[in-house]
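What you are looking at is a predicted structure, and each value in this text was computed from that prediction instead of being measured. Sequence lines set the chain letters: A, B, ... in the order given, protein chains first and strands last, and positions in each chain run from 1. Side chains included, hydrogens not; waters and symmetry mates left out as well; all remaining heavy atoms used.
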There are 2 protein chains.
Amino acid sequence: MAPPSGSPLPPLSVDRASPVPLHSQLARQLERAVADGTLPPGTLLGNEIDLAGRLGLSRPTVRQALRTLVDKGLLVRRRGVGTQVVHSRVRRPLELSSLYDDLEAAGHRPGTRLLVDRLEPATGPVAAALGLPEGTEVHYLERLRTAHGAPVARLRNHLPAGLVDTAGLESTGLYRLLRAAGPALHTARQSIGARAAAPEEAALLDEEPGAPLLTMERTTFDTTGRAVEFGSHLYRAGRYSFEFQLMVRP
Amino acid sequence: MAPPSGSPLPPLSVDRASPVPLHSQLARQLERAVADGTLPPGTLLGNEIDLAGRLGLSRPTVRQALRTLVDKGLLVRRRGVGTQVVHSRVRRPLELSSLYDDLEAAGHRPGTRLLVDRLEPATGPVAAALGLPEGTEVHYLERLRTAHGAPVARLRNHLPAGLVDTAGLESTGLYRLLRAAGPALHTARQSIGARAAAPEEAALLDEEPGAPLLTMERTTFDTTGRAVEFGSHLYRAGRYSFEFQLMVRP
DNA sequence: CAGTGGTCTAGACCACACT
DNA sequence: GTGTGGTCTAGACCACTGT
């Protein structure tokens, strides 16, 4: 008896002339097929040998493609069973995103008011976060982020001087500038908490004093281990929450 | 001129008789060496061919070990340069943990008061989160978590009936029970926000009404895509914050 | 230029799941 | 037993980095 599946795969193909690695081509095609429903949740992919043969690839190459998708949480592999598309809906597993991009993706109309943009000496906590000697000149940014014109968050950032050009900052996110500026971002350490709004904070964010606010502190590092950004942000609790998905690594 | 490094590796060795895969043995040894400082940040590992030869392994096997460590954020590889230990301190990248384990690891003395433990019909939001028909009997837990005797959080959980045995729940975390109960956890979808404390909530948590509280909602799925837990939790803002590190996936 | 990781191949045997 | 993924090998060539 034929198993319920094994061949209903989308038309996969690889282009050996392309500069894109073969395993990467395969991974992207499968990822797209999962995303657009061509491969519904639970679909059993054909076994690796068949897949390799059908595409004219070797098994290790196919395995590399599958491994990256398993790591992304899109596929599940079980010995003796096969490789299936994961049942639960998969969203982005928690990326280092800027609030600006988040709002834009959610269909809100993000805006930015640049409140402060200057160099100043790093105080204790900032110097510690950035790993610089206290008193070093750092770039300080303070912004008010809005959506549909209403305030959403107050963003405070300290960066090593000269790292980014703040020209386009009113119409994009800081992270986009950082990625463009050069350093390969590697990790970020975040802390999310809550506290009551101080009077000036309340006024700026259009809340009552004492209203609950979400706080987020984040230090971002590049691959060489240097801190490229320290942020200390304040979000209106009713207008924003952190949503993310996390994967269980075995 | 000899480059600054290449051989100062800890005494690596693999045991071919062990049931533990070779790549996994190597990865663990390197991980431990990074963790305990034997391989300080920035250390340049010898090239893959040497490493393979020294251990009597093939290059793909060594590469598999290195890849898992790169994925974990411990190593950085650059073509033409080599493989280095990442400079910045690496912590756990955000795991699916129970508050109980977090508190215990932080040296606090976690305690639990089981407030509610019963079966009840799933209401709308709970049914939706768990993917069950409305009205299905589900297991409902309500707990007060303390540290050093002071309240830290109120935890509300809904689970499919019969999934866990709540016997040991006063002295351990729900996640430990879930992992032990069988289902292979796969992903969790979380949302972190803030709001003001309602009067009963304030009383339970030893706060003033209106005090800011952190909220966290989480639905956890197993590899088959079934929801195994829906939690709706409340944390005292002054006593708890979410700390985690996230990696930038290329 | 030399050295590095990145990619790819064509096999092999083993461990586990399901029938 | 049969079929699956898991592991492992011994090569090969390419692309990028830094001198």
Note: chain B reaches DNA chain C at heavy-atom distances under 4.0 Å over the stretch, first to last nt, 5' to 3', of C/dG3 to C/dT7
Just to be sure I understand the rule, does A/Gly53 reach a base, reach only the sugar-phosphate, or reach nothing, if contact means heavy atoms closer than 4.0 Å? nothing
Pair A/Leu246, B/Thr187 - check side chain to side chain contact (heavy atoms under 4.5 Å, CB included), show working. CA-CA 6 Å; A/Leu246 43 90; B/Thr187 53; over 6 Å; no
Check the pair A/Leu178, A/Thr220 against side chain to side chain contact (heavy atoms under 4.5 Å, CB included), reporting the backbone distance first and the verdict last. CA-CA 10 Å; A/Leu178 270 179; A/Thr220 311; 5.5 Å; no
Evaluate the ring planes of B/Phe244 and A/Phe244, with Trp represented by its six-membered ring, and classify them as parallel (under 30°), tilted (30 to 60°) or perpendicular (over 60°). tilted
Got a second to check how far B/Asp222's CG is from B/His186's NE2, nearest 0.5 Å? 9.5 Å
Using a 3.5 Å distance criterion without hydrogens, assess whether the side chain of B/Glu31 forms a donor-acceptor pair with backbone atoms of B/Leu69. no
In short, side-chain hydrogen bond (donor to acceptor under 3.5 Å, both in side chains) pairs touching residues 123-134 of chain B with sequence neighbours left out are none
Within a 6.0 Å radius of atom CZ on A/Arg226, are there more than 12 heavy atoms belonging to other residues, nucleotides or ligands? no
Report the C-alpha separation of A/Phe242 and A/Ile192 in whole Å, then their side-chain angles, then the decisive distance to 0.1 Å, and conclude whether the side chain to side chain contact (heavy atoms under 4.5 Å, CB included) test is met. CA-CA 9 Å; A/Phe242 293 93; A/Ile192 298 177; 3.7 Å; yes
So which protein N/O to nucleotides 3-5 of chain D N/O distances come out below 3.5 Å?
residue: D/dT4; atom: OP1; partner: A/Asn47; partner atom: ND2; Å: 3.0
residue: D/dT4; atom: OP2; partner: A/Asn47; partner atom: ND2; Å: 2.7
residue: D/dT4; atom: O2; partner: A/Gly80; partner atom: N; Å: 3.2
residue: D/dG5; atom: OP1; partner: A/Thr83; partner atom: OG1; Å: 3.2
residue: D/dG5; atom: OP2; partner: A/Glu48; partner atom: N; Å: 3.1

Intra- and interstrand pairs of DNA chain C - dot-bracket, Watson-Crick/G-U under 3.5 Å, | marks other strand: ||||||||||||||||||.
Neighbours of DNA chain D within residues 15-25 of chain B, by heavy-atom distance under 4.0 Å: B/Arg16, B/Pro21, B/Leu22, B/His23
Are A/Gln25 and A/Asp15 close enough that a side-chain donor and a side-chain acceptor fall under 3.5 Å? no
N/O donor to acceptor pairs below 3.5 angstrom from side-chain atoms of residues 58-67 of chain A, sequence neighbours left out:
residue: A/Ser58; atom: OG; partner: A/Thr61; partner atom: OG1; Å: 3.1
residue: A/Arg59; atom: NH1; partner: A/Glu48; partner atom: OE1; Å: 2.5
residue: A/Arg63; atom: NH1; partner: A/Glu48; partner atom: OE1; Å: 3.3
residue: A/Arg63; atom: NH1; partner: A/Glu48; partner atom: OE2; Å: 3.0
residue: A/Gln64; atom: NE2; partner: A/His23; partner atom: NE2; Å: 3.4

Indicate yes or no for a side-chain donor-acceptor contact from B/His87 to the backbone of A/Thr224 under 3.5 Å, with no hydrogens or angles considered. yes
Full working for side chain to side chain contact (heavy atoms under 4.5 Å, CB included) between B/Asn157 and B/Arg143: CA-CA 9 Å; B/Asn157 290 93; B/Arg143 294 167 291 159; 2.8 Å; yes
